[in-house]
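Have a look at the structure below, then the notes.
All values below come from the heavy atoms of this structure, side chains included, with hydrogens, waters and symmetry mates left out. In each ligand, atom 1 is the first atom listed, and ligand 1 is the first ligand listed.
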Amino acid sequence: MRTDVFALRHIGIREEDLQPMLKTINVKNIEQLIVETIPDDIRLKEPLDLDAPMSEHEYLSHIQNLSEKNKVFKTYIGLGYHESFTPSVIKRNILENAGWYTAYTPYQAEIAQGRLEALLNFQTMISDLTGMELANASLLDESTAAAEAMSMLFEVRDRAQKKNNVVKFFVSEEILPQTLSLLQTRSTPIGIELVIGNHEEFSFTEDFYGALLQYPGKHGQVHDYAAFVAKAAEKNIKVAVAADILSLVLLTPPGEFGADVVVGTTQRFGIPLGYGGPHAAFFATKEAYKRNIPGRIIGVTKDTDGKRALRMALQTREQHIKRDKATSNICTAQVLLAVMAGMYAVYHGPKGLQYIANKVHSAAVTLADSLEKLGLYQLNTSYFDTIIVKADAAKVKPIAEKNEMNFWYVDADTISISLNEATSLKDVQLIVDVFAEVLGKDTLILDELTTDNKIGSSVTRTSSFLNNVVFNSYHSETALMRYIKRLERKDLALNHSMISLGSCTMKLNAASEMLPLSMARWANIHPFVPIDQAEGYQIILKELEQDLNVITGFSGTSLQPNSGAQGEYAGLMAIRAYHESRGEGHRNICLIPASAHGTNPASAVMAGMKVVVTKTDERGNIDVTDLREKAILHKDNLSALMVTYPSTHGVFESSIKEITKLIHDNGGQVYMDGANMNAQVGLTNPGTIGADVCHLNLHKTFAIPHGGGGPGVGPICVAEQLVPFLPGNPVIKTGGEKAITAISGAPWGSALVCLISYGYIKMLGESGLSNSTRTAILNANYIKNSLSGKFDVLYTGEKGRAAHEMIIDCRPFKEKGIEVSDIAKRLMDYGFHAPTVSFPVAGTLMIEPTESESVAELDRFISAMLSIREEIDEASIDNPNNALKNAPHTLEMITADEWQLPYSRQKAAFPLPYIAENKFWPSVRRVDETYGDRNLICTCAPIEAYMEA
Ligand SMILES: *Cc1c(COP(=O)(O)O)cnc(C)c1O
């Protein structure tokens with residue numbers, strides 16, 4: 001047997017495990033299970049046409065060779081992306097560490113205190129630097145964050161503004177081009193009118209509700225916006241500022257001149273360029289808007305013993321609760337990147353950041369002075385890192401490129417040059433040499449960077465920042481390494497045990513898939529370099545698009561959306577554009593089954609659609625009669641159906657083809673939510689079921705790690721008629737012939753992590769992919785049958801089979817006083833992360849084991865669940881003092897001198913023998929969910945708090 005086959009490493013089940021598993025499920029072979037699970041009329045009859053699998057070794061040399069096709073020039077393009085140094089201690093201990101990158105979104109706070117603390121650091125850093133009261137724990141990119149600001153300010157218009165239908169939003173012409181494109185995408189469907197202009201000439205009239213400024217401007221000029229903001233406030237126009245995070249070290253923070261929202265990216269805090277992403281954006285605002293902030297906020301609360309604990313706050317404002325009343329669809333964000341950027345600030349501290357910012361500024365001033373000495377004219381009067389010079393672009397470009405340098409060519413005789421953390425005196429010299437050559441003059445010899453300052457005094461920062469202990473304690477590598485480890489130990493990730501989160505597909509994120517992210521020739525490419533400098537990227541992105549077309553049975557793919565929810569939005573916007581192109585722009589009804597994920601209705605509303613909810617029958621399937629009635633009722637205005645397949649109930653509905661036909665017959669398009677694609681790959685696909693567009697969560701099915709809540713990639717794959725509408729980019733040409741405007745800032749979204757999915761597909765090949773799907777279905781049904789009789793599975797297919805996940809009903813245990821959350825917390829004592837809690841049905845758990853787990857791990861999980869079931873039997877509603885209600889149990893309580901609980905310490909912490917070998921200790925007891933919301937604190941305590949203690 002060949003053992004260098006990647007599928008053997010990716011799939012956890014061994015040949016010899018099969019027979020006993022099949023026996024438990026009561027089938028002769030896997031094929032029989034698949035036949036009984038996936039309806040016959042949608043099962044693929046031919047294998048997918050994909051390349052033969054590469055071994056891990058072959059793949060690593062293949063990807064290394066491809067990287068050589070990327071040209072890593074010195075890039076001074078700027079426009080929101082800057083080269084920066086990732087501190088090695090952060091790269092090695094976070095980016096390359098499965099303890100960090102394989103964690104899930106911290107819903108289970110007790111086993112996530114490490115990343116919650118890292119995110120609280122991020123929020124504190126953002127609040128401090130922007131001068132705002134609170135910040136969220138990251139958004140997808142600067143441009144989407146700006147769009148979220150536009151929408152949030154629209155939402156919080158005052159009564160008169162809403163009554164008078166005030167819909168105008170001013171956008172400064174200084175805004176980044178990709179941000180403008182995104183604002184165009186996001187404003188139209190919800191009826192916001194953009195007015196683009198010069199902020200100095202803006203007339204403050206009552207028909208505007210908000211404005212967006214760029215700070216510094218897109219080509220580096222630092223404007224003093226204080227007067228603008230003050231005048232806006234008089235007319236109750238709210239102002240958002242898109243700010244450069246590093247510049248805020250030296251510039252007056254927008255909070256100090258009255259901004260209502262500040263957004264931006266933290267890419268230049270140690271995050272690789274990665275040809276566009278992933279990077280963590282930030283969103284900071286005033287306390288008054290805390291219930292309207294998009295994305296997650298980490299807050300401080302206390303645990304059962306009154307000890308300080310962290311958690312995700314204010315979840316009641318999220319789309320899984322608000323659904324079509326939600327104003328944002330952000331679910332997956334950029335947690336891993338936010339953790340890294342926050343650590344960059346922890347590592348450098350305020351003094352280190354000042355050093356870096358001053359050095360960047362000095363380099364820019366030195367360059368400007370030198371170019372002026374050569375006789376060139378520099379336009380910016382007050383600037384941080386970017387200068388603009390008047391020179392003949394046609395002459396400069398070839399000489400710059402010959403010297404492996406990229407500038408930004410604004411027009412034929414204007415060039416913008418943006419310097420960064422990685423720019424040395426030598427680099428400045430090389431730039432000067434290029435211009436000297438262009439002018440045919442002798443170059444100037446630079447001895448040192450000047451200390452002159454070109455930041456106007458009215459915009460110079462005077463306030464201090466990052467005074468908290470955490471930003472002033474870990475400046476040696478040993479100290480930071482241990483701090484990172486201390487946090488990591490508090491978190492349960494895939495390197496500890498199975499995380500069987502239904503709908504989230506927490507599978508292996510293989511090391512060979514991850515390694516290329518660290519290669520310089522993948523990491524250091526700016527998204528707006530000329531396309532011929534990114535040939536390696538172009539090859540893998542095209543291949544990945546092509547493979548995803550094959551896998552989904554569709555004709556075109558866009559990798560631009562940065563999350564599943566962004567994919568939903570992109571897909572619906574493509575449908576909208578398609579209807580419009582046929583003169584049917586009035587079609588605006590979106591049918592969504594009641595069981596859909598909360599992002600579905602939220603995305604539909606953002607796309608300007610009206611949500612009509614359709615019923616689910618008692619078996620968990622779409623109620624086809626109800627759907628038919630509604631499709632026919634709305635046939636003149638039907639835009640789309642959004643359907644998850646297999647359903648969020650974990651079932652392959654056999655009526656799916658009838659459903660998709662019904663929608664088409666009534667003039668609508670079918671959007672398939674592809675979060676459950678792990679049950680389809682190689683065996684069926686959205687093209688076959690009759691869908692027109694789907695998004696895929698590459699961070700679920702295609703092996704990108706969850707990173708504790710991001711990064712994600714949510715490509716959309718579309719049928720032929722939608723291909724022309726795939727999203728474009730204003731700087732680099734991409735997308736369809738009639739491309740809709742941007743969905744993300746970068747042309748190919750988070751290109752760097754697309755390498756992971758590319759590697760996943762190339763190393764598994766057709767056989768590995770379809771065997772992964774078969775095994776995922778096998779493992780789910782193995783758990784289902786093993787729990788049978790003890791836990792009721794809510795829904796199954798016609799032959800009694802689950803798909804790749806199943807929902808178990810925990811509502812009957814209420815009789816014993818046991819809630820589903822008690823089971824979730826008790827699983828921590830057994831060393832497991834809970835499955836998905838209360839989605840899509842309240843009071844249930846949704847279990848998805850994935851193909852990567854071994855039968856031994858599945859058995860441990862099963863034994864934990866069965867043991868918990870016995871504990872439930874022993875529980876009594878009259879006496880809630882039991883191990884379930886008190887869970888989780890911490891090391892501190894188990895080792896305390898006092899123990900007064902009515903069960904033993906061993907039962908509390910080591911209820912089964914396997915646990916002692918690999919005990920995971922939750923670092924806090926159960927967190928108080930409501931206390932935290934009532935007393936919202938979402939930054940680190942100021943230094944005084946520690947001094948008092
Ligand atoms: C995860 C998920 C989404 C949202 O994807 P994000 O990447 O988190 O935005 C949408 N629908 C379903 C069914 C999901 O499981």
Could you tell me whether the side chain of Asp673 reaches within less than 4.5 Å of the side chain of His695, counting heavy atoms only? yes

With ring centroids as reference points, do Tyr760 and His10 lie under 6.0 angstrom apart? yes

Between Arg801 and Phe652, is NZ or CZ placed under 6.0 angstrom from the six-membered ring centre and within 45° of the ring axis? no

Which is it for Glu148 and Arg186 under the salt bridge (Lys or Arg N to Asp or Glu O under 4.0 Å) test, yes or no, and what are the steps along the way? CA-CA 9 Å; Glu148 295 287 347; Arg186 298 276 285 265; 2.8 Å; yes

Classify the side-chain pair Lys507/Asn678 by whether it contains a donor and acceptor separated by less than 3.5 Å. yes

Is the number of heavy atoms from other residues, nucleotides or ligands within 6.0 Å of CD (Glu929) greater than 12? yes

Ordered by chain then number, the protein residues lying under 4.0 Å from ligand 1 by heavy atom are Cys331, Thr332, Ser503, Ser563, Gly564, Ala565, Glu568, His597, Thr599, Asp673, Ala675, Asn697, His699, Lys700

